[in-house]
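Written below as structure tokens is the structure these notes are about.
Just the heavy atoms: all of them, side chains too, but no hydrogens, waters or symmetry mates, feed the values below. Sequence lines set the chain letters: A, B, ... in the order given, protein chains first and strands last, and positions in each chain run from 1.
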2 protein chains.
Amino acid sequence: MTGDLFSPQCPTRTLLDRIGTKWMSMAVKVLAETGELRFTDLRRRMPGVSQKMLSVTLQNLVADGLAARRVEDTVPPRVHYRLTELGESLEVPLAALREWAEANVAEIVQARGRST
Amino acid sequence: MTGDLFSPQCPTRTLLDRIGTKWMSMAVKVLAETGELRFTDLRRRMPGVSQKMLSVTLQNLVADGLAARRVEDTVPPRVHYRLTELGESLEVPLAALREWAEANVAEIVQARGRST
DNA sequence: TGACCTGGTCACCTTTGGTTACCGAGGGAG
DNA sequence: CTCCCTCGGTAACCAAAGGTGACCAGGTCA
């Protein structure tokens, strides 16, 4: 039922809201490109993200079943993240959106310039 | 240059942030489905949106060159919005993302349930 | 002893999203 | 003539999300 998409209660809508989150798509991209990564490495590859926002983002990914968390029981503990199959399947439409953005960003920046 | 995507200044990133905005994708969908719509009709088709958020969203769409605004000089004035070609091209990857969400929402809701 | 490392969390502040009230000019009901 | 309705939008205000810096545990290395 596509019509439900318009209901505020529609879970698809809440899902899209979460995917649209600032760091979500970036984390998915990085994980899709690199496979399994540790928290700190992940952070290094996502310039501008704070520890808190990265951990919140990762918690959301894990809660949604898009990523898996694995703790190595060393001291200090090392925490690894990787995409699940579901997460990898999300990367496909997400990549399409990124490609669209890269292809059209020039035109849009131009449009913004005109409107200011 | 894809590498730039990781720079906080990367315009593609700011573009994706804006596309990810709560009402943006919904407005694009509605406009893509219906063609030209007036402000109030648009609002009726987007349950939950407030006047302010709709007008902000539309201003952004217009500023980015994704939608066009046409004012009919009656009293009260009627304002029509429609997607530009650019906006219609965005609908393609956006629809793909929606389809992914609809296809996988059940699995994700389930995952959320497990983690609570 | 004490500085360091990792993956967080906590308290706090700032920016955004969202709600409600209101406007302005003409038309129609009374 | 008066009063309220229409329509698209703005202004003032409040709640929620995003973001920052400090701090923690607890074993290791000097």
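- Nearest heavy atom pair, residue A:Leu16 against residue B:Ala101, reads CD2-CB, 4.0 Å.
- Contacts of B:Asp17 classified as salt bridge (charged side-chain N to carboxylate O under 4.0 Å, His left out), with partners at least two apart in sequence or in another chain: none.
- Distance, B:Leu37 CG to D:dC7 C1': 15 Å, rounded to whole Å.
- B:Arg43 comes within 4.0 angstrom of no nucleic acid atom, judged by non-hydrogen atoms across all strands.
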Counting primed atoms, P, OP1 and OP2 as sugar-phosphate and everything else as base, the B/S/- map of nucleotides 12-19 of chain D against protein heavy atoms under 4.0 Å is ------SB
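- Along DNA chain C, read 5' to 3', the first and last nucleotides having any atom under 4.0 Å from a heavy atom of chain A are C:dC5 to C:dT9.
- Applying the 6.0 Å contact sphere to CD of A:Glu72 captures more than 12 heavy atoms from other residues, nucleotides or ligands.
- B:Gln59 comes within contact range of the sugar-phosphate backbone alone, with a heavy-atom separation under 4.0 Å but no base atom that close.
- Atom CH2 in A:Trp23 sits 4.0 Å away from atom CZ in B:Arg13 (nearest 0.5 Å).
- Of the charged side-chain nitrogens involved, none lies within less than 4.0 Å of a carboxylate oxygen, so that A:Arg45 and A:Glu33 do not count as a salt-bridged pair.
- Ionic pairing of A:Arg98 and A:Glu91 is present here: one or more N-O contacts between side-chain nitrogen and carboxylate oxygen are shorter than 4.0 angstrom.
- Applying the side chain to side chain donor-acceptor pair (under 3.5 Å) test to B:Ser89 and every residue at least two apart in sequence or in another chain returns A:Trp100.
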Please write out each protein N/O paired with an N/O of nucleotides 27-30 of chain D under 3.5 Å, distance rounded to 0.1 Å.
none

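- The shortest non-hydrogen separation linking A:Gly65 to A:Thr84 is O-OG1, 2.7 Å.
- In this structure A:Arg18 satisfies the salt bridge (charged side-chain N to carboxylate O under 4.0 Å, His left out) test together with A:Asp64, sequence neighbours excluded.
- We find the CG-CG distance between B:Leu86 and B:Leu90 to be 7.5 Å, quoted to the nearest 0.5 Å.
- The phosphate of D:dA22 (OP1 or OP2) has no side-chain N or O of A:Gln51 nearer than 4.0 angstrom.
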